[in-house]
Amino acid sequence: MAPPTIRLYDTLSGAIQTLQPRQGVRVGIYACGPTTYAPIHIGNARPYVVFILLRRYLAALGYEPTLVVNLTDINDKIYAAASAAGTESGAHAEAMIALYRAETGALGLGRPDHEPKATEAIAAIIALIEELIGSGHAYASQGDVYFAVRSFADYGKLSNRDPAEMDQGEERGSDEKKRDPLDFALWKAHKPDEDTWWASPWGRGRPGWHIECSAMAEGLLGTDFEIHAGGIDLAFPHHENEIAQTAAARGVGPARIWMHNGMIETVDEKMSKSIGNVFALGEAIERYGAETVVAFLISGHYRGPLAFSVAALESIAAANERIRDFFRTHPEQDGAARADPRLERARVDFEAALAEDFNTPKALAVIYELIAAANREPIAGAAATLRGLLDLLGLAGLADVDERDAADPAAAALLAERESARAGRNFARADAIRDELAGLGWEVRDLADGPRLVRRA
RNA sequence: GGCGCCUUGGCGGAGUGGUUACGCAGCGGCCUGCAAAGCCGUCUACGCCGGUUCGACUCCGGCAGGCGCCUCCA
């Protein structure tokens, strides 16, 4: 049985497109990952979360997705950061990669299928550059190699720019090596203060930013693959240049659908390292928990901007607590999923929301509506169904309330003491114990089947 | 200046040519020994001005405000 039809917005065509794999149910997804020069922030985590969940969703539908998230581990900013830290640039990049893996790993969403590093793709990069030079789309100049933008007729299609009208900017020293100000670097000659370089036909140097993605994406997914993704800020020049490189060399573009996520915004600025307006991912996870961070990042449609604030995170944390409370009062039952029409309805609506341009906030609304219905009147199998839906959004941990609320012996003893006080109608004593438990981080709930301790954040 | 996007109720955030999105917060009630959780009810919406239409928040035009990119920011 063929998997359901998936529709996704494609920046290149400017329209919603149906996902049409090259071959059967295999779906290649390449999402541009971080430049590993500093700890990542919430904004960097958005594409990571969105596209790893897209892979999870496609897999659940019966597709066979392969997700590639690259690591840009050679870059001006890495040189600068390493120099400032007094370390070697390669070691600095490795340290940042380790941190990135630890922090994104803490989100509990698994890893991409491949996480290639630019520095491990140098041979493929050089080969691709040589192809471009051979076909007249690129030229060497004083140790640099540039892509000749005007040799590629479709340049500007992705970002809807006309090269003839593009602002050519101020002339700068390095531009003297270019034949045309629009040209961009494929290879950069080694500079004296750079401690990492590779040998190449054009001398010592290192790759430009865009060429690594053309080379690594092709190596792992081929050309004309299904989905290329990244932040909207990468549409130009990064993705535009990537298309130019691959299409000029291979005669076909890198990907069929170009997905771009919107920016995380604070009060009035996008969340960007370059303006120092950061909220570190690691700190967010530590303070609010992985489920809060994940739920926040999917609380808005991936294409739109998303407002970041402490209040927003706290609102999401409260919403997650509502989900946990459902599982506290409705333990999952053993056995097969029930066939209640309300559960079937929820599954259908949930899937439909994601099938139409991955509308995660709409899918979350389905979850809340099912919870409300099941709180009103028990629905056999609701908990199991909800866990399944939550899992598709990376939030199955919200169902693990027994582990979260596992009480220490002291708290359990206090709870028992409160119960005996209540049995003796000594409410003053019972309430005093409740206050004491509250001081220890425990909230007491007198449920139908007895009292329960609930862990407060 | 060029290209693109956005403007929904206290906050966050979906969606649709005519019907409650959803969540958080607030208020009233039910439940509770009292709470909590839950349930019920409830308040503040679709930037402004025109147009199309039987009817627009939802389509078209203009205006205002905001955002992204314009060579290396997800």
Side-chain angles (χ1 to χ4, degrees), chain A residues 11 14 31-35 40-48 50-51 69 72 75-77 149 156 159-162 165-169 172 174-175 178 181-185 188 208-210 229-238 240-241 260-265 268-275 295-296 299-301 303-309 311-326 328-330 353 359-369 371-372 374-377 422 425-428 430-431 434 438 443-448 451-452 454:
Chain A
T11 305
C32 285
T35 297
I40 69 164
H41 59 233
I42 289 268
N44 297 301
R46 189 179 200 186
Y48 183 90
V50 166
F51 298 114
V69 177
T72 299
N75 169 285
D76 284 344
K77 289 185 175 179
V149 166
S159 55
N160 195 28
R161 286 158 211 263
D162 180 355
E165 294 178 3
M166 279 174 63
D167 184 346
Q168 300 186 356
R172 296 172 58 188
S174 62
D175 290 343
K178 299 182 184 179
L182 294 184
D183 295 348
F184 58 89
K188 298 184 174 188
W209 178 31
H210 320 295
I232 187 62
D233 54 337
L234 297 185
F236 188 90
H238 184 56
E240 194 73 70
N241 291 353
H260 289 104
N261 62 273
M263 301 291 100
I264 302 290
E265 293 176 352
D268 58 3
E269 295 172 301
K270 67 168 182 169
M271 181 68 76
S272 167
K273 293 174 192 169
S274 61
I275 57 174
F296 167 73
S299 68
H301 184 94
R303 274 201 286 138
L306 184 59
F308 174 84
S309 66
L313 282 181
E314 289 175 345
S315 169
I316 296 294
N320 277 351
E321 208 54 36
R322 173 175 166 80
I323 295 173
R324 286 198 181 95
D325 281 333
F326 175 81
R328 288 181 172 117
T329 50
H330 300 78
N359 193 329
T360 52
K362 199 172 181 181
L364 279 167
V366 173
I367 287 175
Y368 289 117
E369 284 169 345
I371 286 176
N375 273 332
R376 234 173 270 129
E377 171 189 31
R422 293 180 72 215
R425 300 197 64 77
N426 184 350
F427 296 122
D431 291 351
R434 184 167 64 194
E443 180 177 294
V444 178
R445 300 259 176 90
D446 292 320
L447 303 177
R452 176 182 179 120
V454 172

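Not measured: the values here are computed from a predicted model. Just so we're on the same page: letters track the sequence lines, and every chain starts at 1.
Here the P atom of nucleotide B/G12 and the CD atom of A/Glu265 are 11 Å apart, to the nearest Å. B/A35 atom P lies 10 Å from atom CG of A/Asp431, rounded to whole Å. In this structure, A/Phe427 places its CZ atom 8 Å from C1' of B/C34, rounding to the nearest Å. Distance A/Arg376 CZ to B/C40 C1': 10 Å, rounded to the nearest Å. Separating the CZ atom of A/Arg445 from the P atom of B/U32 is a distance of 17 Å, rounded to the nearest angstrom. Rounded to a whole Å, the CD1 atom of A/Ile323 is 11 Å from the P atom of B/G38. We find that CZ of A/Arg46 is positioned 15 Å from P of B/A74, with the value rounded to whole Å. Atom CZ of A/Phe326 and atom P of B/C39 are 10 Å apart (whole Å).
Among residues two or more places apart in sequence or in another chain, the salt bridge (charged side-chain N to carboxylate O under 4.0 Å, His left out) test is passed with A/Arg303 by A/Asp357. A search for ring-ring contact (aromatic ring centres under 6.0 Å, His included) contacts involving A/His301 returns nothing, not counting sequence neighbours.
Between the CZ atom of A/Arg452 and the CG atom of A/Leu447 there is a distance of 7.0 Å, given to the nearest 0.5 Å. Here the CG-CZ distance, from A/Asn375 to A/Arg322, works out to 6.0 Å after rounding to the nearest 0.5 Å. Atoms CG and CG, from A/Asp233 and A/Asn261 in turn, are 8.0 Å apart once rounded to the nearest 0.5 Å. Here A/Leu364 contributes atom CG and A/Ser299 contributes atom OG; the two are 8.0 Å apart, rounded to the nearest 0.5 Å. The CD1 atom of A/Ile42 lies 6.0 Å from the CG atom of A/Leu313; values are rounded to the nearest 0.5 Å. Taken to the nearest 0.5 Å, the CZ atom of A/Phe308 stands 15.0 Å off from the CE atom of A/Met263.
Each of A/His301 and A/Val149 has a nearest nucleotide on RNA chain B; the 5'-most of these lies closest to A/His301. Each of A/His210 and A/Glu443 was matched to the nucleotide of RNA chain B holding its nearest heavy atom; the match closer to the 5' end belongs to A/Glu443.
Listed nucleotides: B/C34, B/G38, B/A74. Nearest to the side chain of A/His41: B/A74. In this structure, the nucleotide among B/C73, B/U71, B/C34 sitting nearest to the side chain of A/Asn75 is B/C73. With B/C39, B/A74, B/G13 as the candidates, the nucleotide lying closest to the side chain of A/Asn375 is B/C39. Comparing B/A74, B/C70, B/G13 by their closest approach to the side chain of A/Leu234 singles out B/A74.
B/G23 and B/U8 have their C1' atoms separated by 15 Å, with the value rounded to a whole Å. The C1' atoms of B/U58 and B/U7 are separated by 15 Å, rounded to the nearest whole Å. Taking atom C1' on both B/G47 and B/C6, the two are 11 Å apart, rounded to the nearest angstrom. Comparing the same atom, C1', in B/U32 and in B/A37 gives a spacing of 11 Å after rounding to whole Å. A distance of about 12 Å separates the P atoms of B/C63 and B/G1, rounded to the whole Å. Between B/G66 and B/C48, the distance separating the two C1' atoms is 15 Å to the nearest Å. For the P atom pair drawn from B/G26 and B/A64, the interatomic distance equals 40 Å after rounding to whole Å. Comparing the C1' positions of B/G62 and B/G10 gives a spacing of 31 Å, expressed to the nearest Å.
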Give each protein N/O atom lying under 3.5 Å from an N/O atom of nucleotides 22-26 of chain B, with the pair distance.
from  : atom 1 : to       : atom 2 : distance (Å)
B/C24 : O4'    : A/Ser315 : OG     : 3.3

Protein-nucleotides 2-7 of chain B N/O pairs closer than 3.5 Å?
from : atom 1 : to       : atom 2 : distance (Å)
B/G2 : N2     : A/Arg161 : NH1    : 3.1
B/C3 : O3'    : A/Asn160 : ND2    : 2.9
B/C3 : O2'    : A/Ser159 : O      : 3.4
B/C3 : O2'    : A/Asn160 : O      : 3.0
B/G4 : OP1    : A/Asn160 : ND2    : 3.3

Under 3.5 Å, which N/O atoms of the protein pair with N/O atoms of nucleotides 27-29 of chain B?
none

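Of the side-chain N and O atoms in A/Lys77, one or more sit less than 4.0 angstrom from OP1 or OP2 of B/C73. OP1 and OP2 of B/A74 both lie 4.0 Å or more from every side-chain N or O belonging to A/Asn261. Side-chain nitrogen and oxygen atoms of A/Asn359 include at least one within less than 4.0 Å of the OP1 or OP2 phosphate oxygen of B/G15.
Between the side chain of A/Arg422 and the main chain of A/Phe427, no donor-acceptor pair closer than 3.5 Å is present. With A/Glu240 contributing its side chain and A/Ser159 its backbone, the two residues share a donor-acceptor pair below 3.5 Å. With hydrogens and angles ignored, the 3.5 Å screen pairs a side-chain donor or acceptor of A/Lys178 with a backbone N or O of A/Asp183. For A/Asp446 (side chain) and A/Pro451 (main-chain N/O), no donor-acceptor pair under 3.5 Å exists by modelled atom type.
When heavy atoms are screened at a 4.0 angstrom cut-off, A/Arg452 is found touching no nucleic acid atom at all. Among the atoms of the strands shown, none is found under 4.0 Å from any heavy atom of A/Gly14. Within the 4.0 angstrom heavy-atom criterion, no nucleotide atom of any strand lies near A/Ala312.
For RNA chain B, each stem of at least three Watson-Crick or G-U pairs (distances under 3.5 Å) is given as range with range: B:1-7 with B:64-70, B:10-12 with B:22-24, B:26-30 with B:38-42, B:47-51 with B:59-63.
Geometrically, A/Arg161 engages A/Phe236 in a cation-pi contact, judged by NZ or CZ lying under 6.0 Å from the ring centre and within 45° of the ring axis.
With contacts defined as side-chain heavy-atom distances shorter than 4.5 Å, the pair A/Phe184/A/Val149 qualifies. In this structure, the side chains of A/Phe296 and A/Leu306 come closer than 4.5 Å at one or more pairs of heavy atoms.
Between A/Arg328 and A/Asp325, at least one side-chain N (NZ, or NE/NH1/NH2) sits under 4.0 Å from a carboxylate O, which counts as a salt bridge.
Under the 30°/60° scheme for interplanar angles, the aromatic rings of A/Trp209 and A/His238 are found to lie parallel.
Under 3.5 Å, the side chain of A/Asp233 and the base of B/C67 form no donor-acceptor pair of N or O atoms.
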